[in-house]
Amino acid sequence: MYDYTQSLIRSETSRGKVRQQTDITLRGQVWTLLPDVFSPADSKSSLAHLGLLEFPVGGAFLEVGSGIGLIAVSAGLAGCRAVWATDLNAAAVKNTALNAERFGVADRMTCVQGDLFEGLHEAPLFDVVYWHSNNVWAPPEIDINVHELAYVDPGYEAHQRYFREAQRHVVPGGRVLIALSSRAGRAELAQLAAAERQRLITVDSAVVQEPEGPVVYELLEVVPL
């Protein structure tokens with residue numbers, strides 16, 4: 001399994017760069033970045049997964065773990081009727097809202113704080129539920145901060161809950177998606193999904209050159225058995 005300490009090092013390095021609100025440029029667009037929020041400028045994963053996604057134009061879209069709001073705001077810009085964005089990190093919720101304002105889609109976006117699906121009590125059912133997950137396994141007993149939780153999932157506890165709960169939040173015929181990388185324990189995640197009577201089907205993938213070498217970024221659909 002991938003060495004989770006490498007992800008913690010990347011988190012520490014990225015976090016240390018941002019001590020106050022700043023701007024980052026992604027594909028020619030300028031985004032707001034707050035301290036203690038995962039920065040897509042320091043990882044190619046977010047843009048790689050953005051390129052793999054097809055948004056439900058005219059429908060409702062939920063992003064779990066929104067960070068700066070790159071995916072959620074892009075869903076609004078693509079023409080989704082309603083976009084909800086949730087994150088465990090309060091700074092990320094604020095960051096997503098700031099970028100929704102910046103890009104003119106705040107009128108169709110709702111940003112809430114919560115762990116996975118907590119905080120969605122008044123939310124509609126969605127055409128697509130999406131999570132760019134913290135798919136690197138870490139030991140269950142590890143003590144980590146909220147920024148590091150964007151990189152690793154202790155004991156894969158969050159993934160197990162996602163497989164158990166996500167289907168409750170989609171319309172009939174809706175899609176539950178999860179974005180993984182080749183750093184993930186794919187066999188272990190498949191077993192966790194199966195334990196919740198789900199299976200993982202690859203939708204699309206891309207190979208991206210990272211400092212450690214080529215990394216496969218993969219978009220999967222979580223489908224009931």
Side-chain angles (χ1 to χ4, degrees), residues 1-19 22-29 31 33-53 63-72 74 87-89 91-92 95 116 130-160 162-163 177-193 200-222:
M1 189 174 288
Y2 183 78
D3 179 6
Y4 73 91
T5 62
Q6 298 304 306
S7 294
L8 298 184
I9 291 170
R10 287 197 301 275
S11 169
E12 182 180 8
T13 301
S14 179
R15 186 185 184 204
K17 294 179 182 179
V18 183
R19 299 303 184 188
T22 188
D23 287 340
I24 57 174
T25 301
L26 303 169
R27 293 183 181 172
Q29 294 178 318
W31 296 75
L33 173 64
L34 298 181
D36 292 323
V37 178
F38 175 88
S39 173
D42 293 330
S43 171
K44 298 180 181 178
S45 61
S46 297
L47 289 175
H49 286 302
L50 177 59
L52 300 177
L53 268 171
E63 181 183 17
V64 175
S66 61
I68 71 165
L70 175 66
I71 299 295
S74 296
D87 203 294
L88 175 66
N89 183 350
N95 207 153
L116 292 181
Y130 169 82
W131 183 30
H132 176 176
S133 77
N134 51 347
N135 56 87
V136 174
W137 178 91
E141 67 278 5
I142 192 171
D143 183 19
I144 57 178
N145 60 50
V146 71
H147 193 276
E148 292 167 330
L149 277 174
Y151 287 77
V152 302
D153 179 14
Y156 274 160
E157 187 271 338
H159 284 78
Q160 187 170 23
Y162 187 77
F163 297 143
L177 302 176
I178 186 169
L180 302 180
S181 76
S182 50
R183 300 179 181 118
R186 178 66 183 276
E188 290 79 5
L189 291 176
Q191 290 177 355
L192 288 175
L200 304 178
I201 299 175
T202 298
V203 176
D204 204 352
S205 64
V207 180
V208 177
Q209 192 65 35
E210 296 276 15
E212 69 199 66
V215 175
V216 180
Y217 292 110
E218 193 172 15
L219 180 67
L220 299 102
E221 186 167 0
V222 184

Test side-chain contact (heavy atoms from CB on, under 4.5 Å) applied to Val152 and Asn134, step by step | CA-CA 5 Å; Val152 302; Asn134 51 347; 5.7 Å; no
In sequence, state the C-alpha distance, the side-chain angles, and the governing distance for Ile24 and Ser39, and then conclude on side-chain contact (heavy atoms from CB on, under 4.5 Å).
-> CA-CA 9 Å; Ile24 57 174; Ser39 173; 4.0 Å; yes
Before giving the answer on side-chain contact (heavy atoms from CB on, under 4.5 Å), spell out for Ile71 and Leu50 the whole-Å C-alpha distance, their side-chain angles and the decisive distance to 0.1 Å.
-> CA-CA 6 Å; Ile71 299 295; Leu50 177 59; 3.8 Å; yes
Assess whether side-chain contact (heavy atoms from CB on, under 4.5 Å) is satisfied between Trp137 and Glu188, documenting all intermediate values.
-> CA-CA 9 Å; Trp137 178 91; Glu188 290 79 5; over 6 Å; no
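Separating the CZ atom in Arg186 from the CG atom in Leu180 is a distance of 6.5 Å, to the nearest 0.5 Å. Here His147 contributes atom NE2 and Arg15 contributes atom CZ; the two are 7.0 Å apart, rounded to the nearest 0.5 Å. A distance of 6.5 Å separates OH of Tyr130 from CG of Leu219, quoted to the nearest 0.5 Å. Going from atom CZ of Phe38 over to atom CG of Leu33 covers 10.5 Å, rounded to the nearest 0.5 Å. Rounding to the nearest 0.5 Å places CD1 of Ile144 at 10.0 Å from OG of Ser7. We find the CD-CG distance between Gln191 and Leu200 to be 11.0 Å, quoted to the nearest 0.5 Å.
Within the 4.5 Å cutoff, the side chain of Arg183 has heavy atoms near those of the Tyr217 side chain. Counting heavy atoms from C-beta on, the side chains of Val215 and Lys44 never come closer than 4.5 Å. Annotation: side chain of Ile142 is in contact with side chain of Leu8 (closest heavy-atom distance under 4.5 Å). Looking only at side-chain heavy atoms (C-beta outward), Glu157 and Pro140 stay at 4.5 Å or farther from each other. Side-chain contact between Leu47 and Arg27 is present, with at least one heavy-atom pair separated by less than 4.5 Å. You'll find the side chain of Leu177 reaches within 4.5 Å of the side chain of Leu53, heavy atoms only. Inter-residue side-chain proximity for Leu149 and Pro154 is flagged as met; some heavy-atom pair is nearer than 4.5 Å. The shortest distance between side-chain heavy atoms of Glu212 and Tyr2 falls below 4.5 Å.
Here the closest heavy-atom approach between residue Val216 and residue Ser205 is recorded as CG1-CB, 4.2 Å. Across all non-hydrogen atoms, the minimal contact from Ser46 to Leu70 is CB-CD2, 3.7 Å. Smallest separation of non-hydrogen atoms from Ser45 and His132: OG-CE1, 3.2 Å.
When each of Val146, Asp87, Ile68 is checked for a side chain to side chain contact (heavy atoms under 4.5 Å, CB included) with Val37, only Ile68 meets the rule.
The side chain to side chain donor-acceptor pair (under 3.5 Å) search around Asp204 returns none, not counting sequence neighbours. Considering only residues two or more places apart in sequence or on other chains, Ser14 meets the side chain to side chain donor-acceptor pair (under 3.5 Å) condition with Asp42. With sequence neighbours excluded, the residues satisfying side chain to side chain donor-acceptor pair (under 3.5 Å) with Asn135 are Ser181. Considering only residues two or more places apart in sequence or on other chains, Ser182 meets the side chain to side chain donor-acceptor pair (under 3.5 Å) condition with none of them. Remark: Arg19 pairs with no residue by the side-chain contact (heavy atoms from CB on, under 4.5 Å) rule, at least two apart or across chains.
No more than 12 heavy atoms of other residues, nucleotides or ligands shown are found within 6.0 angstrom of CD on Glu12.
Residues Tyr4 and Tyr151 keep their aromatic ring centres 6.0 Å or farther apart. Centroid-to-centroid, the aromatic rings of Trp131 and His159 come within less than 6.0 Å.
A salt bridge does not link Glu210 to Arg10: none of the charged side-chain nitrogens sits closer than 4.0 Å to a carboxylate oxygen.
Sorted by first and then second residue, the salt bridge (Lys or Arg N to Asp or Glu O under 4.0 Å) pairs with a member in residues 131-151 form an empty list; sequence neighbours excluded.
At distances below 3.5 Å, not a single donor-acceptor pair connects side-chain atoms of Tyr162 with backbone N or O atoms of Val64.
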